[in-house]
Protein chains: 2
Amino acid sequence: MNEVSIGNAARISGVKVPTIRFYEEIGLLPRPARTNANRRLFADSDLRRLAFIRHCRELGFELDAIRALLKLQDNPKEPCEAADAIAKERLGEVERRLRSLKALQKELKRMIDGCSHGHVSQCRVIEVLANHSKCMHDNH
Amino acid sequence: MNEVSIGNAARISGVKVPTIRFYEEIGLLPRPARTNANRRLFADSDLRRLAFIRHCRELGFELDAIRALLKLQDNPKEPCEAADAIAKERLGEVERRLRSLKALQKELKRMIDGCSHGHVSQCRVIEVLANHSKCMHDNH
DNA sequence: GTTTGCTCCTCTAGTTATTAGAGCATGTAA
DNA sequence: TTACATGCTCTAATAACTAGAGGAGCAAAC
């Protein structure tokens, strides 16, 4: 079980050094062993856990959701409905964001097209944003 | 110019009461008039400004970008290239986010489809998150 | 053998955009 | 007049880090 320093753990896992310490502090990562000189030594299991966390973060999971997933991972006899539910919730959120970002993209494009490159008084960028009734997407 | 209380301003603009006070504090909103009893009175122009800010926030603009837009709005003799540039920058950001959210949506769907609703030990949701090699999108 | 430079340690404070709460004053309706 | 809502200021919390101060340890070059 080759143990590595925090810098190497960071390089291997892709999680930055201060972030690793932060994860330890908030209990997402178990407190690692230390050298005589009080330096952290990370085992393979820690590196896997870090990779898991990083991957989850990339997918937009919040730390609380990740904490829940890790708890499930730590006792694998549990039924997986909870993990499924967390992923589904994520998916719902992602799809909501996708919808509003698409509306936004449309509006920004329209704004940029509409801008006659004159002065602000005729510039639709501000007009559209200031005047709610000119807004194209209807979810608000 | 009918003036309204902060609560009504919140109801009309859709910006929450503490948030309105916060915007005032950071100088995004001018200090409003006060009653004898030291209560804020918001004029129509304030309400429009709040709607503008809220709308910008919904569109994903950061407060600094909004501050820049408001500054342009406040002196409309300026050319609108700056506002145009801000909108274009935003559009780029939005399109980047759209791309990564779409990839994410795909992966989450795959994870959820793969979940056999058994125990955590066979749950693909966790498995996929733990095992990088099973990850479909290749941007990391 | 010591100096250079990198990595590590802890601790505190900063970031963004709010939100929450304490403790008190004021306005409105029954 | 007695509730109860709404307002005020101030401080502190939230998420998820990031940055910096001030100091110690380690490896290699000179």
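Each chain gets a letter, A, B and so on, in the order the sequences are listed, and its residues count up from 1.
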Exercise. Nearest of D:dG25, C:dT10, D:dA16 to any side-chain atom of A:N38?
Worked result: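 My answer, after comparing the listed nucleotides, is C:dT10.
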Exercise. From the list C:dC9, D:dC17, D:dT18, which nucleotide is the closest neighbour of the side chain of A:R34?
Worked result: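 Nearest listed nucleotide: C:dC9.
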Figure out the [atom1]/[atom2] separation between [X] and [N], and round it to whole Å.
| X | N | atom1 | atom2 | answer |
| --- | --- | --- | --- | --- |
| B:L29 | C:dT18 | CG | P | 13 Å |
| A:I26 | D:dT18 | CD1 | P | 13 Å |
| A:R11 | C:dT7 | CZ | P | 6 Å |
| B:N36 | D:dC8 | CG | P | 14 Å |
| B:L63 | C:dT19 | CG | P | 12 Å |
| B:E25 | C:dT18 | CD | P | 13 Å |
| B:D64 | C:dA17 | CG | P | 7 Å |
| A:F22 | C:dG14 | CZ | C1' | 14 Å |

For this session: Between B:E62 and B:T35, name the one whose nearest nucleotide on DNA chain C is closer to the 5' end.
Result: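 Of the two residues, B:E62 wins.
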Please state whether the phosphate of [N], meaning OP1 or OP2, lies under 4.0 angstrom from any side-chain nitrogen or oxygen of [X].
| X | N | answer |
| --- | --- | --- |
| B:Y23 | C:dT18 | yes |
| A:R39 | C:dT7 | no |
| B:R21 | C:dT19 | no |
| A:K16 | D:dT18 | yes |
| A:R40 | D:dG25 | no |
| B:S5 | D:dT6 | no |
| B:T19 | C:dT19 | yes |

Problem set entry | Stepwise side-chain contact (heavy atoms from CB on, under 4.5 Å) check, A:D46 with A:R49 | CA-CA 5 Å; A:D46 297 317; A:R49 206 172 173 97; 5.5 Å; no
For this session: Name the residue closer to the 5' end of DNA chain D, choosing between A:P18 and A:A37 according to the nucleotide with the nearest heavy atom.
Result: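 Nearest-nucleotide comparison on DNA chain D picks A:P18.
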Problem set entry | 4.5 Å side-chain heavy-atom contact, A:I66 and A:Y23 |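 SC-SC contact between A:I66 and A:Y23 ruled out.
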For this session: Considering only NZ, NE, NH1 and NH2 on the basic side and carboxylate oxygens on the acidic side, decide whether A:K88 and A:D84 come within less than 4.0 Å.
Result: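 Salt bridge flag = yes for A:D84 with A:K88.
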Exercise. Is the shortest distance from a Lys or Arg side-chain nitrogen in B:E3 or B:R39 to a carboxylate oxygen in the other one below 4.0 Å?
Worked result: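 No.
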For this session: To the nearest 0.5 angstrom, please state how far the CG atom of A:L70 sits from the CD1 atom of A:I53.
Result: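 Going from the CG atom of A:L70 to the CD1 atom of A:I53 covers 5.5 Å.
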